Amino acid sequence: MAANSSPLTSNPHLTAWVDAMARMAKPDRIYWCDGSEGEKKRLTDEAVAQGVLVPLNPKKRPGCHYHRSNPSDVARVEHLTFICTPTKEQAGPTNNWMAPDEAYKKLGAIYDGAMKGRTMYVVPYIMGPNDSPFSKVGIELTDSVYVALNMRMMARMGKVALDRLGDAPDFNKGMHSVADCHPDRRFICHFPQDNAIWSVGSGYGGNALLGKKCLALRIASYLARSEGWLAEHMLILEAESPQGEVSYVAAAFPSACGKTNFAMLIPPAAFPGWKIRTVGDDIAWMRVGADGRLWAVNPEFGYFGVAPGTNYKTNPNAMRSVEKDSLFTNVALTPDMDVWWEGMDGAVPETLTDWKGHPWKKGSAEKAAHPNSRFTAPMDNNPALSRFAHDPQGVPISALIFGGRRSTTVPLVMQSFNWTHGVYLGSTMGSETTAAATGAVGVVRRDPMAMLPFIGYDAGSYLQHWLDMQSRIPLPPKVFLVNWFRKGADGKFLWPGYGDNMRVLKWILDRCQGRVGAQETLLGWTPREGDLDLRGLDAPAETAAAATRIDLAEWETELESQAAWFQSLGKTLPVQLEMQRQMLLAAVKGARRVAAK
Ligand code: OXD
Ligand code: MN
């Protein structure tokens with residue numbers, strides 16, 4: 001490869017670091033990515049020639065490619081993900097910790113010569129809009145052409161990042177090698193104090209696309225605390241009412257709770273004139289604006305979404321986003337070289353090639369697509385992209401929403417009494433384990449702000465930072481908790497979800513404007529009968545009542561069970577949060593005592 005083998009920059013900090021990493025990994029070639037269209041074509045042709053990518057049927061999926069990963073490398077590996085702060089206490093009880101020296105030594109030994117016979121791609125990128133004060137520059141060095149091509153979709157990549165960086169030393173140093181892709185030599189290490197990430201042994205998105213979870217959440221959350229802002233696992237959506245009022249909300253849900261679907265929601269027929277547009281589907285960086293409000297940007301440039309379950313009914317905008325120029329990983333292939341996954345529209349094909357490359361027949365007990373198979377699509381493909389998605393100033397946030405997957409206890413929607421109570425609701429949110437994961441079913445896994453795997457430092461200090469933000473935001477957003485997954489006595493979901501979540505969103509937006517009623521319960525503000533707009537809802541009238549109900553006996557159990565979670569966070573747990581829990585518990589116990597008399 002002749003093109004771009006010499007540095008596209010004279011930045012001495014950058015060239016010295018690239019040289020040092022190359023001396024360690026010993027690639028045959030170094031290639032500096034410029035982000036051009038010509039380069040995209042060249043790298044894609046190269047990937048196709050190596051068998052890393054397979055072109056899909058150009059009539060059905062123009063510009064699209066397919067990738068099959070190593071079958072042992074299909075998901076994020078939380079048990080192999082480390083925060084390498086100088087002390088273990090700085091990483092806190094919810095993270096794996098490795099001493100920085102030990103991590104550099106251990107991974108250095110794996111990197112040593114790992115790129116022999118390979119090309120090292122230098123991938124400069126910006127997380128955030130090009131000219132935004134929010135944005136951060138990262139450089140990823142990788143021996144995977146698949147990673148380089150994914151990065152150009154997921155971040156603003158190439159010369160644009162080198163131009164922004166100029167001669168400054170201020171860039172994230174991301175080193176990545178698939179090495180021999182063996183689980184025994186797989187580590188994802190973060191060095192927040194060095195603004196560095198070393199990832200080895202995995203080519204999977206969340207482990208290998210270093211701009212996403214590693215930089216935009218783990219490292220950014222650490223930087224955000226010292227710089228006074230928030231880096232969160234949140235979608236950002238724009239809602240426009242029929243009267244033309246435009247508002248923005250940011251919402252945190254654990255992985256696999258329908259975040260991309262909510263970010264691309266289609267309002268039900270009973271809500272004519274409402275338009276929902278996407279700013280981001282996974283990550284929000286939020287700063288206090290000059291006007292005292294909280295402003296958010298989506299640092300990403302594309303979507304890295306879970307394919308199974310996505311169809312033209314559940315998420316038409318995601319389906320349209322992947323109609324062209326997209327990359328598919330570990331889905332199934334149809335005989336005419338289109339993609340397929342469980343839950344796609346239409347009849348199940350008679351035969352397919354499954355995600356491992358084996359022939360597959362309709363009715364097979366095996367899944368054809370891996371449950372965590374993914375699409376990568378440029379966000380500009382989204383027909384409902386907000387016109388502010390690339391705005392350097394971001395969008396002003398009216399409401400923050402936290403949500404988990406709970407079959408009992410947590411109502412459809414609840415507004416917090418104040419900021420501290422809102423932070424408490426976020427800090428105790430969680431999801432029940434499902435049969436899809438190993439271990440007991442129905443156990444609540446606490447996942448504060450949906451950030452458990454992504455907080456780049458001690459979790460108690462992270463929650464303190466959230467509390468401290470109150471004094472920094474003169475006009476803070478209102479905070480809400482939602483739960484689309486509550487079940488009735490018959491074990492069926494009480495709430496239809498998907499587009500009907502618009503009804504909940506409308507209540508939230510109206511609450512932000514003081515336009516709709518609510519009832520003050522012991523646990524927070526919930527909609528009274530008639531407050532939620534249920535016109536045209538295809539569900540019995542009792543549904544909303546059952547979904548929004550507060551059951552004090554369930555809450556007593558819930559509040560008691562939160563004690564162990566808070567205790568597990570150790571001495572940095574903010575005292576206000578434990579006091580909130582105790583105040584609510586005392587109130588619930590008191591009310592139950594009165595009721596029992
Ligand atoms: C996740 C993801 O796992 O966005 O949260 O991929
Ligand atoms: Mn995510």
Side-chain angles (χ1 to χ4, degrees), residues 67 69 73-81 94-95 127 146-147 150-151 153-155 188 190 197 199 202-221 230-237 250-264 278-286 296-310 315 318 321-322 326-331 341 369-377 379 382 400-405 426 429-431 433-434 436-437 445-456:
H67 173 76
S69 80
D73 185 28
V74 292
R76 284 188 289 105
V77 281
E78 288 177 20
H79 62 297
L80 301 174
T81 298
T94 60
N95 283 311
M127 296 311 289
Y146 165 81
V147 166
N150 258 282
M151 282 296 288
M153 270 194 266
M154 293 305 295
I188 323 297
H190 305 73
I197 304 159
S199 164
S202 168
Y204 171 76
N207 305 324
L209 307 179
L210 300 187
K212 192 175 175 65
K213 303 298 188 182
C214 300
L215 172 53
L217 288 177
R218 297 195 189 97
I219 298 283
S221 64
L230 293 165
E232 296 299 321
H233 192 201
M234 288 181 167
L235 64 89
I236 309 166
L237 72 73
F253 297 87
S255 308
C257 283
K259 210 140 119 253
T260 304
N261 291 347
F262 192 51
M264 298 182 180
T278 316
V279 179
D281 80 324
D282 197 39
I283 298 177
W285 284 359
M286 298 182 283
V297 301
N298 167 16
E300 300 191 278
F301 197 48
Y303 305 124
F304 182 65
V306 176
T310 310
N315 195 335
S321 301
V322 300
S326 298
L327 226 153
F328 298 87
T329 305
N330 292 341
V331 299
W341 48 77
H370 187 276
N372 192 35
S373 52
R374 298 278 176 152
F375 54 79
T376 319
M379 75 181 188
N382 179 359
L400 294 172
I401 303 175
F402 297 119
R405 177 185 285 270
M429 67 186 256
S431 271
T433 49
T434 63
R445 183 208 201 217
R446 302 283 166 193
D447 190 351
M449 284 73 178
M451 281 285 282
L452 187 66
F454 307 121
I455 305 171

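As the structure is a prediction and not an experimental result, all values here were calculated from the model. First listed ligand is number 1; within each ligand, the first listed atom is number 1.
N150 is not listed as a side-chain neighbour of H67, based on a closest heavy-atom distance of 4.5 Å or more. Contact check for H190 versus T81: side-chain heavy atoms found under the 4.5 Å cut-off. Put simply, the side chain of L210 does not reach to within 4.5 Å of the side chain of L215, judged on heavy atoms. By the 4.5 Å heavy-atom criterion applied to side chains, M449 and E232 are counted as neighbours. Side-chain contact between R445 and L452: present, with at least one pair of heavy atoms (C-beta onward) separated by less than 4.5 Å.
Side-chain atoms of T310 and N315 form no donor-acceptor pair, as typed in the model, at a separation below 3.5 Å. Side chain to side chain, Y146 and T329 meet the donor-acceptor criterion of an N or O pair below 3.5 Å. Between the side chains of D73 and S202, at least one donor-acceptor pair of N or O atoms lies under 3.5 Å.
The Mn ion (ligand 2) has K213 NZ, H233 NE2, D282 OD1 as its protein N, O or S neighbours under 2.8 Å.
Checking side-chain atoms of N207 against main-chain N and O of A75 turns up a donor-acceptor pair under 3.5 Å.
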Sub-3.5 Å pairs, protein N or O with ligand 1 N or O:
from, atom 1, to, atom 2, distance (Å)
ligand 1, 3 (O), R76, NE, 3.2
ligand 1, 3 (O), R76, NH2, 3.0
ligand 1, 3 (O), S255, OG, 3.1
ligand 1, 4 (O), K213, NZ, 2.9
ligand 1, 4 (O), D282, OD1, 3.3
ligand 1, 4 (O), D282, OD2, 3.3
ligand 1, 5 (O), K213, NZ, 3.0
ligand 1, 5 (O), H233, NE2, 3.2
ligand 1, 5 (O), S255, OG, 2.6
ligand 1, 6 (O), R374, NH1, 3.0
ligand 1, 6 (O), R374, NH2, 3.1

